[in-house]
Structures are given as structure tokens and as C-alpha cells.
Amino acid sequence: MPDASAPDRKAGLAAGVGAYVLWGGLPLYFPLLAPAGPVEIIAHRVVWSLLFCVVLLLLTRTWGTFTALLRDGRMLARLTLAAVLLAVNWLVFVHGVTTGHVVDAALGYFINPLVTVGLAVLVLGERLRRVQWVALGLGLAAVVVITAGLGRLPWIALTLAGSFGVYGLIKSSVGARVPALPGLAAETAVLVPVAVGYLGWLHAAGAGAWGAHGAWHALGLAGSGVLTAVPLLLFNSAARRLPLSVVGMLQYLAPVLQLAIGVLVAGEEMPPARWWGFGLVWLALVVLTADGLRAARVARLASRAAARQAPAVAEDEQGTAPAR
């Protein structure tokens with residue numbers, strides 16, 4: 001980015017790497033919260049995320065933006081739908097990493113860019129280039145290969161990719177009107193009544209994990225809120241300082257780490273069908289990324305050419321204008 005200084009770019013790169021490393025390392029964190037189940041973990045994640053966001057809103061003096069979102073009925077409706085999709089994504093992810101399906105979770109975030117492109121066609125009516133259709137075909141072939149080889153549909157991966165893809169679609173529709181922190185605060189505020197109600201019912205039934213397994217376990221449940229907001233803030237910082245192409249490259253860091261954790265730490269099996277499927281997905285991502293970089297370069301060159309031609313056109317118009 002021509003207008004970004006070298007220190008800014010370095011800070012942005014550090015923030016981006018930090019965000020995706022934290023997201024990629026989450027499969028190591030959530031199993032530590034056992035015996036709390038996925039729903040209880042997500043309920044705590046919602047409650048503590050909102051509390052942490054409230055503190056940050058006060059520190060950053062963006063409380064007014066947050067309350068304005070809650071008063072805007074149309075915007076709140078969109079954020080409510082986004083919150084539901086986010087809750088589904090969180091719940092399926094925690095279920096996957098706590099039940100020995102970390103590799104499936106990693107697959108979901110690998111195919112998420114392909115799902116995003118597919119949604120652009122189905123929902124927004126965008127026309128794809130031939131190379132993008134090839135990438136989508138490779139992604140579909142990967143799902144077929146994994147399903148045929150393992151004898152089951154990778155529903156965790158598909159649900160994660162689908163829910164986050166639609167979530168991203170909704171967030172893009174609200175655009176710059178919703179900053180990252182107030183937006184996350186509004187989404188978690190929508191979910192808090194359900195989360196608090198569930199936790200209250202759970203503790204009334206004597207089945208709640210909070211406080212029943214020591215202070216460190218309780219602190220770990222509370223820490224899930226911090227681990228929700230901090231990566232988002234780091235990502236927001238990176239997005240302001242780095243070109244979109246660099247941010248796009250960094251996004252693959254998280255599923256790579258998750259795949260490594262699933263295979264090397266959790267010891268999940270990688271039969272040939274999975275390797276072939278992942279290989280097809282990686283090939284699709286290479287094709288999609290290369291095409292995106294090429295298109296961005298063409299657009300950048302066209303923009304520069306137009307900028308160079310503008311002064312010449314202005315001079316010609318002045319030279320041919322009649323005297324007044």
C-alpha cells in the first residue's frame with residue numbers, strides 16, 4: 001500500500017499473524033474446558049465476550065456506536081441473523097474439536113473461500129471467470145472424494161464453511177456502517193438472553209460446570225470471551241494496514257495450524273481419501289488465489305493508466321475549449 005509506512009505494514013503483519021495464530025490454536029484450548037459441553041462453552045463464550053466488549057467499548061469511547069446499532073431496527077435484524085449464524089458456527093466448531101474432528105473443522109475453513117465465491121453467484125448474481133468455475137469444481141470434487149472415501153458426509157466442515165460464508169455475506173452487506181467491536185458487541189448482546197437462560201437452567205439442575213471444577217477451570221471458561229474479541233481486534237488492525245491480498249493469504253494460516261493440531265497433537269487419522277480431498281481443496285485455493293491476484297494486478301494497472309490519462313484529457317479539453 002503506497003500510503004502505508006513500513007512500520008505500519010510491519011505492525012499490520014504482526015497483528016494479522018497474531019489473529020490467525022490465535023484462531024488456529026483454538027483446538028488446543030476448548031478441550032481444556034471439559035467436562036463442560038459444547039453448548040455450555042458457547043453460552044459462557046457469549047456472556048464473557050459481551051462483558052469484555054463492554055469494557056473495550058468504554059475504553060475506546062465507542063459505546064455510542066454500539067447503542068446506536070441496538071436502536072436501529074433494520075440493522076439489528078441483520079445483526080441478529082448474523083448472530084445466529086455465528087452461534088451455529090461456534091457451536092459446531094467446539095463440538096468438532098472436543099469430539100475428535102479437528103481435521104474436519106480445518107477442512108471447513110479451507111473450503112470457506114470457495115463457499116464465499118459460490119454464494120456470490122447464487123445470492124448476488126455475480127458472474128464468475130472460467131478459472132473461478134474450475135476452482136469451485138475442484139472444491140466440489142474434494143467433498144465427493146472425502147464422502148466416498150470415508151463413507152460419510154463431512155457435515156462439520158460443510159456447516160462451518162456454510163455458516164461462516166453466509167455470516168460474511170451479511171456482514172459485507174452492512175459494510176463500513178458497523179465497526180468490528182460495536183458489531184461483535186451487538187451480536188453477542190442479542191445472544192446473551194438465551195445464553196444466560198441456558199446457564200441458569202443448567203445450574204438449577206445441578207449440571208453446570210462453572211465453579212464445580214476449580215478456579216482455573218472457571219477462569220478458562222471466562223477466558224473464552226477474551227479469545228473471541230482479541231483476534232477480531234487484531235484482524236481489524238491488520239485489515240486497516242495491509243493490502244487485501246496479504247490478508248487473504250494470511251487466512252490460510254488458521255486452518256493449516258488446525259490441521260497440524262488435528263494430525264500431530266490429537267492423533268486423528270488421515271486416510272488416503274482425506275489426503276486426496278485436501279489436495280483437491282488446496283489446488284482449488286491455489287487456482288482461486290492466483291486468479292484473484294492476477295485480477296487485482298490488472299485492475300491496479302488499469303487504474304494507474306486511467307490516472308495518467310486524466311491530466312492529458314483535461315489539457316486537451318482546455319486547448320479545444322472556445323474562448324469566453
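Numbers for residues simply follow the sequence, beginning at 1. Computed from a prediction, not measured in an experiment: that's the story for all the values here.
There is no path of hydrophobic side-chain contacts, each under 4.5 Å, that joins I261 to L253. Side-chain heavy atoms closer than 4.5 Å link hydrophobic residues (I, L, V, M, F, W, Y) into clusters, and following such links, possibly through other members, connects V226 to L86. The hydrophobic cluster containing M270 does not contain W276, counting ILVMFWY residues as joined when their side-chain heavy atoms lie under 4.5 angstrom apart, directly or transitively. Connection of W155 to V115 is established within a shared hydrophobic cluster, with ILVMFWY side chains joined at heavy-atom distances below 4.5 Å, either directly or through further cluster members. A single hydrophobic cluster is seen to contain both V54 and V196, as judged by linkage of ILVMFWY side chains at heavy-atom distances under 4.5 Å, directly or through other members.
The nearest pair of heavy atoms linking G12 to A238 is O-CB, 3.3 Å. Nearest heavy atom pair, residue N89 against residue S163, reads ND2-OG, 3.0 Å. In this structure, G108 and A161 approach most closely via the heavy-atom pair O-CB, 3.3 Å. Heavy-atom minimum distance, L234 versus G18: CD1-C, 3.9 Å. Heavy atoms only, all atoms of each residue included: A195 and V47 are closest at CB-CG2, 4.0 Å. Among all heavy-atom pairs drawn from A189 and L50, the shortest one is CA-CD2, 3.9 Å.
The existence of a salt bridge linking R274 and D104 is confirmed by a sub-4.0 Å separation between a basic side-chain nitrogen and an acidic carboxylate oxygen.
Between L56 and L233 there is a side-chain heavy-atom pair separated by less than 4.5 Å. Between D291 and V134 there is no side-chain heavy-atom pair separated by less than 4.5 Å. Using a 4.5 Å heavy-atom cutoff, the side chains of N112 and L160 are not in contact. Under the 4.5 Å side-chain criterion, counting only non-hydrogen atoms from C-beta, L227 is in contact with L26. L288 is listed as a side-chain neighbour of P113, based on a closest heavy-atom distance under 4.5 Å. Counting heavy atoms from C-beta on, the side chains of P179 and T62 never come closer than 4.5 Å. You'll find the side chain of P38 reaches within 4.5 Å of the side chain of T98, heavy atoms only. Side-chain contact between L79 and L70 is absent, with no heavy atoms from C-beta onward closer than 4.5 Å.
Remark: the backbone N or O of I156 is not paired with any side-chain donor or acceptor of T159 at under 3.5 angstrom. The backbone N or O of G220 sits less than 3.5 Å from a side-chain atom of Y29, completing a donor-acceptor pair. With hydrogens and angles ignored, the 3.5 Å screen pairs no side-chain donor or acceptor of H217 with any backbone N or O of W210. Side chain of E187 to backbone of A82: no donor-acceptor contact under 3.5 angstrom is found. Under the 3.5 Å distance criterion, the side-chain polar atoms of Q258 are matched with a main-chain donor or acceptor of W23.
Other residues, nucleotides and ligands contribute at most 12 non-hydrogen atoms within 6.0 Å of the CZ atom of R127. The 12-atom threshold is exceeded at CH2 of W90, counting heavy atoms of other residues, nucleotides or ligands nearer than 6.0 Å.
One finds the CG atom of L138 at 9.5 Å from the CG atom of L285 (value rounded to the nearest 0.5 Å). Taking CG of L81 as the reference point, atom CD1 of I170 lies at 3.5 Å (rounded to 0.5 Å). Rounding to the nearest 0.5 Å places CG of L232 at 7.5 Å from CG of L181. The line from CD1 of I111 to OG1 of T116 is 10.5 Å long, rounded to the nearest 0.5 Å. To the nearest 0.5 Å, atoms CG (L136) and CG (L114) are separated by 6.0 Å. To the nearest 0.5 Å, the span separating CG on L32 from CG on L221 amounts to 11.0 Å.
The aromatic rings of H95 and H101 lie parallel to each other, with less than 30° between the two planes, well short of the 60° mark.
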(message) One pair to check against side-chain contact (heavy atoms from CB on, under 4.5 Å): I41 and F30. What are the steps and the verdict?
(response) CA-CA 8 Å; I41 291 174; F30 289 122; 3.8 Å; yes
(message) The test is side-chain contact (heavy atoms from CB on, under 4.5 Å); show your working for L91 and V39 and say whether it passes.
(response) CA-CA 7 Å; L91 181 60; V39 179; 3.8 Å; yes
(request) Could you give me the CA-CA distance, side-chain angles and deciding distance for F235 and Y20, then say whether side-chain contact (heavy atoms from CB on, under 4.5 Å) is met? (result) CA-CA 8 Å; F235 171 80; Y20 284 109; 3.3 Å; yes
(message) Could you walk me through whether T188 and F52 satisfy the side-chain contact (heavy atoms from CB on, under 4.5 Å) test, starting with their C-alpha distance in whole Å, then the side-chain angles of each, then the deciding distance to 0.1 Å, before giving a yes or no?
(response) CA-CA 11 Å; T188 50; F52 188 65; over 6 Å; no
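In this structure, W63 has its ring center under 6.0 Å from that of F66.
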